[in-house]
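Every heavy atom of this structure was used, including side-chain atoms; hydrogens, water molecules and symmetry mates were not. Below, chains carry the letters A, B, ... as their sequence lines are ordered, and counting in each starts from 1.
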Amino acid sequence: VTSPARIEDLLRELAPQVLGVVARRYGDFDAAEDAVQEALLAASQHWPDEGLPDNPRGWLIQTAVRRLTDAFRSEQARRRRERQVFGEPTAPAVPAADDSLTVLFLCCHLSLSPASAVALTLRAVGGLTTAEIAAAFLVPEATMAQRISRAKSRIKAAGQTFAMPVGDEYAERLRSVLHVLYLVFNEGYTSTAGEQLHRADLSAEAIRLTRMVHAQLPDHGEVTGLLALMLLTDARRPARTGGVGELVPLAEQDRSLWDRSLIAEGVALTARAMSAGVIGEYQLQAAIAALHDGAARAEDTDWTQILGLYGLLDRLSGNPMVALNHAVAAAMVHGPAAGLELLEPLDERLPGHYRLDAVRGHLYELLGDPATAAAHYRAAAGRTTSLPERHYLIRQAARLNR
Amino acid sequence: MTKFLVLTMYAEVEGVPPMTEWDPADIEAHLAYLSKLNAQLIEHGELITGQALTGPDLARRVTSDGTAPVVTDGPFPEVKELLAGYQLVDVESEQRALEIAGLVSAAPGPGGVPLRQPIEVRQVMGTLPGMEL
């Protein structure tokens, strides 16, 4: 008898493949997605007791097709239509190519808001139930069900068929896919240790799905870069919070807690990603993370290289948060005054943002001006939306007030 | 998505009598408007929960030094600082939360005129900060 956990893993691996087959055959992605969810549920109820069928994938496809046919039939009956569209479910043909990626690309359709795409991706590609997704995002199941169902309607309304986009649209959609996976990772990364007992581990799920994309597009630099970035960031998670969930900044983390095997894999992937012809944001972020993770002690960090990479990233992204980190790196290389100078133009681009105050607090402290530093820490504490971070900033201000 | 608490306060709006003195049809229209708004928030997948609270007469304030709590009965002088009800929403942006608050504030009062009740919008604290860019 196969263990429930093993069955769960298998079902989630098969979910997008099965959906790919069913959606391709019947065209209606929305209905196919519902049918596959029902088939997954049926499998998770039957397989632990009855054992795995000889062909688990075929079983799921057949069950989903049967549900789909039933759904269409009852819909037809309801509309008093006699027209028979579907014949009896037939034994599924094994498709030539795995359509998991097609499913993922569809879930990250540009007509969807990022949050809707995240929810739909977790269900259709990740094989999570609506209840699990709702629990992960701390909203009621009905709210999440509504979000997913609206997302599917929106894709349908956009006239999207079940096919891989081509040309410019392919590149655009792949960017959206990577952004969605990044958001899923980040969502998991912001949960505290205590919370993870209640939340599905979204970071692990993001890594699993990014691995799936990477396996199909192994030579794509940004895909490799994103996977590397996730692994290198996740490696530091055990050191990121202290005993009572308090935030421990990078410079103060106990580096012996970092996950060495994740770092090794992340560093190797970064090297591969950086050798790609075109360099994008995820590759650069991965390279920065690799330099942090490669430093045995905080004081060994190669800030000169990090500064260079932030310079490139700043030019590429135009994101003011990157400019902020660029200023921090400049301060580490050229001293706090240089960093503070680079922060000046950011008041306009990030008005009132707490991170600007938090960084100024840090740099004024390095400059030997504790009173100004404390004032900035206090201002940052008043505006952050993260509770552990607020506690951290309040402690910084209080420490300097003594 | 970000969670916001949308709070309806008991502030008196100038020129608007208490609801007990409204035309019943106006009360009907007011309640129907709010219930329709909630239905829309549910349909959008934005509403987490929402409740109306009992009035100021039933409000109590509690202080304690760790022994017996001291309970003060309402109503209190600053009624406008009391909550009348709340909605917890999960939305794409602060702008959307403000838009929802605007819709609550514009609930019709006597004669169908928007009530302009003051609505407070408070972001719910998140957990750890995200990945550093």
Exercise. Which pair of heavy atoms, one from A:R240 and one from B:L128, lies closest together, and at what distance?
Worked result: NH1-CD1, 3.5 Å
Problem set entry | Reported NZ-to-CG distance for the pair B:K3 and A:L138, which is rounded to 0.5 angstrom | 4.5 Å
Problem set entry | When A:T385, A:I148, A:L387, A:L284 are compared by non-hydrogen pairs under 4.5 Å with chain B, the top option | A:T385
Exercise. Is there a side-chain contact (heavy atoms from CB on, under 4.5 Å) between B:M1 and A:R147 once you walk through the steps?
Worked result: CA-CA 12 Å; B:M1 300 291 271; A:R147 229 175 256 177; 3.3 Å; yes
For this session: Please confirm whether the backbone N or O of B:L47 pairs with a side-chain atom of A:T143, one donor and one acceptor, at under 3.5 Å?
Result: yes
For this session: Using a 4.5 Å cut-off on heavy atoms from C-beta on, say whether the side chain of A:P140 contacts that of B:T49.
Result: no
Exercise. For A:F185, is it the side chain, the backbone, both or neither that has a heavy atom under 4.5 Å from a heavy atom of chain B?
Worked result: side chain
Exercise. Is the count of non-hydrogen atoms from other residues, nucleotides or ligands lying under 6.0 Å from B:R116 atom CZ greater than 12?
Worked result: no
Per-pair distances, 0.1 Å, donor-acceptor, side chain in residues 51-58 of chain B, under 3.5 Å, sequence neighbours excluded:
none

Problem set entry | A:L247 and B:P129, any side-chain heavy atoms less than 4.5 Å apart | yes
Seminar exercise, completed: Sequence neighbours excluded, the answer for side-chain contact (heavy atoms from CB on, under 4.5 Å) partners of B:V70 is B:T63
Problem set entry | For A:A323, side-chain contact (heavy atoms from CB on, under 4.5 Å) partners two or more places apart | A:D314, A:L346, A:R349
Exercise. Which members of residues 15-44 of chain B, sorted by number, sit under 4.5 angstrom from chain A on a heavy-atom basis?
Worked result: B:I42, B:E43, B:H44
For this session: Verify the neighbour count for atom CZ of A:R150: are there more than 12 heavy atoms of other residues, nucleotides or ligands below 6.0 Å?
Result: yes
Problem set entry | Donor-acceptor pair, side chain of A:S386 and main chain of B:T127, under 3.5 angstrom | yes
